[in-house]
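In what follows, every chain begins at residue 1, and chains take the letters A, B, ... in the order their sequences are listed. Just so we're clear, the structure is a prediction, and the values are computed from it rather than from any experiment.
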Protein chains: 2
Amino acid sequence: MRLSKRGEYGLKALIELAANDAEDVIRIRELAEREQIPLKFLEQILLALKNAGLLQSRRGVNGGYYLARPADEITLGQVVRTLDGPVAPIRCVSQMAYERCVCPDENTCGLRLAMLDVRNAIADVLDHTTLADAARRANKRARKMRSRAAR
Amino acid sequence: MRLSKRGEYGLKALIELAANDAEDVIRIRELAEREQIPLKFLEQILLALKNAGLLQSRRGVNGGYYLARPADEITLGQVVRTLDGPVAPIRCVSQMAYERCVCPDENTCGLRLAMLDVRNAIADVLDHTTLADAARRANKRARKMRSRAAR
DNA sequence: ACAATGTCTACTATATCACTAGGGTTAGTG
DNA sequence: CACTAACCCTAGTGATATAGTAGACATTGT
């Protein structure tokens, strides 16, 4: 049930991009430093995200990355599936990578039915939380902390 | 986000045990054949489950395994945690294996807050589904199919 | 005694993870 | 035009986890 570092780093970077009021690019190095991510590893991750159509980039001097779509149109689910593959705990309940299992009848397999619930619970959260949501929640909390500190 | 074969086999075996009206033992070999699980691998798994207090066994002739508690008092969560470790996608939201992450403030980390939702969603299902539930759902469906076929 | 069962530990092949390395391409700047 | 700053792409690598196999040992019923 684990999110890989790949997934973790990718999400962090995208949330950072979402927080950084859209449309101005950010360099990989910048993101890597802010989030403490190995630079070359992050390169690969952002590239994969770009090839999946979630990011766009500008090359050369003053280059960098920016979100391919508005932050509230990119869900965490899309990101996780791109970087970590299927969200389902077992293949026979996966939408994106279904594979029949060995049990004689899928509809009478207690394990499968339970894991289907798990898959749906995970997908529900991941597919209904956008980068904008994640960025907003972070900022809201941060603002609350700052105003408390200011008193 | 994946359940290992270890976890899968363990759950299948326990659900099978739960379905097999309690208190009479089942041999490892029996379980392995019914569920198509490599015998020696299943041995290890059941042993781990026993050491975790979820199973009990009788040795020697007519030996075998049986549930340490009633099937409606063992949750899938207990099994998964025993065989696959923490249910949380990242350590910093884990109950059983918490570990601080690198972000400066855990309460303003957008990723962490989202993953906390995911963890809770998973735990909700796993900790509220018992072996009895899983076994019952399987049987119910099976009965429905049989009665439909009988008509 | 012996056969059928669970117990325990060690080993192994393969895959996956988390990177690192390094060369290539594009685009501004002096 | 040369140079440099950025992204692009592929290959390699060491460590760890996964999914088993193997085999000796312990217990119990007949």
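A straight line from CG of A:Leu46 to P of D:dC9 spans 13 Å, rounded to a whole angstrom. Distance, B:Arg58 CZ to C:dT7 P: 12 Å, rounded to whole Å. When rounded to the nearest whole Å, the span between CG of B:Asn62 and P of C:dG6 equals 11 Å. Rounded to whole Å, the distance from CD1 on A:Ile37 to P on C:dC19 is 10 Å. For the pair B:Ile45 CD1 and C:dC8 P, the computed distance is 16 Å after rounding to whole Å. Between the P atom of D:dC7 and the CG atom of A:Leu17 lies a distance of 11 Å, rounded to the nearest Å. If you take CG of A:Asn51 and P of D:dC7, they are 15 Å apart, rounded to a whole angstrom. Between A:Leu42 atom CG and C:dC17 atom P there is a gap of 18 Å when expressed in whole angstrom units.
As judged by a 4.0 angstrom heavy-atom cut-off over every strand, A:Ile28 is placed among residues touching the sugar-phosphate backbone only. Note on A:Gly60: a base of the nucleic acid sits closer than 4.0 angstrom, heavy atoms only.
Across the interface with DNA chain D, nearest-nucleotide mapping of B:Val61 and A:Arg29 shows A:Arg29 to be the residue nearer the 5′ end.
Taking side-chain N and O atoms only, B:Lys50 has a distance below 4.0 Å to OP1 or OP2 of C:dT7. For D:dC8, the OP1/OP2 oxygens have a side-chain nitrogen or oxygen of A:Ser57 closer than 4.0 Å. Within the 4.0 Å cut-off from OP1 or OP2 of C:dG6, not a single side-chain nitrogen or oxygen of B:Tyr66 is found.
Using a 4.5 Å heavy-atom threshold, the side chains of B:Arg6 and B:Leu42 count as separate.
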Look for any protein N or O under 3.5 Å of an N or O in nucleotides 18-25 of chain D and output each such pair with its distance, or none.
| residue | atom | partner | partner atom | Å |
| --- | --- | --- | --- | --- |
| D:dA19 | OP2 | B:Lys5 | N | 3.0 |
| D:dG20 | OP2 | B:Tyr9 | OH | 3.0 |
| D:dT21 | O4 | B:Gln44 | NE2 | 2.3 |
| D:dG23 | N7 | B:Lys40 | NZ | 3.4 |
| D:dG23 | O6 | B:Lys40 | NZ | 2.4 |

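A salt bridge between A:Arg137 and B:Asp117 is present, with a side-chain N of the basic residue lying under 4.0 Å from a carboxylate O of the acidic one. Using a 4.0 Å cut-off between a side-chain N of Lys or Arg and a carboxylate O of Asp or Glu, A:Asp84 and A:Lys5 do not qualify as a salt bridge. A salt bridge is defined here as a Lys NZ or Arg NE, NH1 or NH2 lying under 4.0 Å from an Asp or Glu carboxylate O, and B:Glu30 with B:Arg34 meets this definition.
Going from atom CG of A:Leu116 over to atom CD of A:Glu106 covers 10.0 Å, rounded to the nearest 0.5 Å. Separation of atoms CZ (A:Phe41) and CD1 (A:Ile28) is listed at 13.0 Å; rounding is to 0.5 Å.
A 6.0 Å sphere centred on CZ of B:Arg29 holds no more than 12 heavy atoms belonging to other residues, nucleotides or ligands.
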